[in-house]
Protein chains: 2
Amino acid sequence: MTRPRQVILEAAFSDQGDHFTAEELFEKAKKIDTNASLATLYRTVSLLVQGGLLHEIDLGKGVTSYDPNFIESPHHNHLICVDCSEVIEFEDQHISVLEDCITKRLGFSPASKSIQIKAKCDKLRQTGACAKLN
Amino acid sequence: MTRPRQVILEAAFSDQGDHFTAEELFEKAKKIDTNASLATLYRTVSLLVQGGLLHEIDLGKGVTSYDPNFIESPHHNHLICVDCSEVIEFEDQHISVLEDCITKRLGFSPASKSIQIKAKCDKLRQTGACAKLN
DNA sequence: TTAGATGCAAAGACTTTGCAGTTAA
DNA sequence: TTAACTGCAAAGTCTTTGCATCTAA
């Protein structure tokens with residue numbers, strides 16, 4: 001456990017727990033310690049992903065995003081607002097069960113599951129504004 | 001409608017309808033016409049995606065894959081075998097309905113949905129072999 | 001005829017890696 | 001002490017783009 005790794009851990013997990021890309025995490029890390037290095041960051045993130053502390057997720061940005069919240073809520077999924085790009089985490093027992101059924105029906109055993117829902121903000125439609133826009 | 005585009009369309013849709021990466025599609029295209037160009041391929045694929053004829057999907061390869069089968073089955077999802085990497089398409093009405101409920105509960109209107117299930121091959125476990133391995 | 005498509009090669013974005021120097025235990 | 005980590009810069013992979021040329025309609 002070295003200083004550079006501590007910095008990256010802090011940047012990844014001490015926050016309110018938002019998703020981030022490598023570049024965004026790098027920005028956070030530099031605020032903690034100016035010396036932060038991208039190479040070490042990629043290497044550390046890779047270890048965290050392997051260790052299950054961080055999940056790679058595809059938020060449709062064309063870049064890999066990382067999700068630090070699977071420790072607290074291991075079964076959550078993501079809804080992405082196509083208007084404001086906000087990402088909302090949700091969990092649903094019924095869907096999990098259904099996914100397991102489908103998997104077994106197809107002759108497999110579940111390993112991991114992920115759902116992304118892209119959706120439009122009702123609030124924006126109704127009021128012309130939504131949480132993140134403006 | 002030019003020859004290069006015809007070649008790419010043929011490569012993308014005339015097959016048994018498997019998923020492919022840009023590079024894989026390029027190989028198919030070159031078999032049809034040796035002159036195929038990657039630049040044109042990316043440009044054409046981009047148009048097809050915009051037009052809804054092709055869907056970008058994340059099969060966890062680290063590269064974007066494309067799915068030509070959303071015209072026939074617009075609501076299908078993917079199960080990816082972690083053993084043999086086979087990709088199986090499935091459709092399930094119940095899940096679709098559930099997803100819509102969740103979306104509305106969160107204050108959104110559904111735009112698009114995608115599910116990826118990673119799973120282990122029962123067949124491999126039982127018989128030591130599966131469809132794609134070997 | 002001409003707006004739009006093509007192909008090349010160069011550029012870009014993101015990520016990985018070789019290597020010499022540094023450090024935690 | 002030493003196996004492991006770091007940081008730099010170079011390299012690698014995938015994708016996009018500028019530009020001169022070509023082509024479908």
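Computed from a predicted structure; not experimentally measured. Residue numbers begin at 1 in each chain, while the letters A, B, ... track the order of the sequences.
Between Arg5(A) and the phosphate of dT6(D), there is a side-chain N or O to OP1/OP2 separation shorter than 4.0 Å. Under 4.0 angstrom from either OP1 or OP2 of dT15(D) there lies at least one side-chain N or O belonging to Tyr42(B). At the phosphate of dG7(C), OP1 or OP2 sits under 4.0 Å from a side-chain N or O atom of Thr40(B).
At whole-Å resolution of the value, CG in Leu47(A) and C1' in dT16(C) are 13 Å apart. Remark: C1' of dA10(D) and CG of Leu38(A) are 15 Å apart, rounded to the nearest angstrom. Computed from coordinates, the Leu48(A) CG to dT15(C) C1' distance equals 16 Å when rounded to whole Å. In this entry the distance linking CZ of Phe26(B) with P of dT13(D) reads 16 Å, nearest Å. Here dC14(C) presents its C1' atom at 14 Å from CG of Asp58(A), a figure rounded to the nearest Å. Glu56(A) has its CD atom 9 Å from the P atom of dT15(C), to the nearest Å. In this structure, Leu59(A) atom CG and dC14(C) atom P are separated by 15 Å, rounded to whole Å. As rounded to whole Å, 8 Å separates atom P of dG7(D) from atom CG of Asp33(A).
Among the heavy atoms of the strands lying under 4.0 Å from Arg43(B) is at least one base atom, whether or not backbone atoms are also near. Residue-level contact check: Thr64(B) touches the backbone only, with heavy atoms under 4.0 Å from sugar-phosphate atoms and none from bases.
The Met1(A) side chain lies nearest to dA25(C) when the options are dT15(C), dA25(C), dA9(D). When distances run from any side-chain atom of Thr2(A) to the nucleotides dT6(C), dC5(D), dT15(C), the shortest one goes to dC5(D).
At most 12 non-hydrogen atoms from other residues, nucleotides or ligands lie less than 6.0 angstrom from NZ of Lys123(A).
To the nearest 0.5 Å, atom OG1 of residue Thr40(A) and atom CZ of residue Arg3(A) are 13.0 Å apart.
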*asked:* Apply side chain to side chain contact (heavy atoms under 4.5 Å, CB included) to residues Phe90(A) and His76(A) and explain how you reach the verdict.
replied: CA-CA 5 Å; Phe90(A) 67 89; His76(A) 75 262; over 6 Å; no
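Only one option out of Thr103(B), Asn77(B), Asp100(B) pairs with Lys113(B) in a side chain to side chain donor-acceptor pair (under 3.5 Å); it is Asp100(B).
Electrostatic pairing of Arg105(B) and Asp92(A) counts as a salt bridge here, judged by a charged N lying under 4.0 Å from a carboxylate O.
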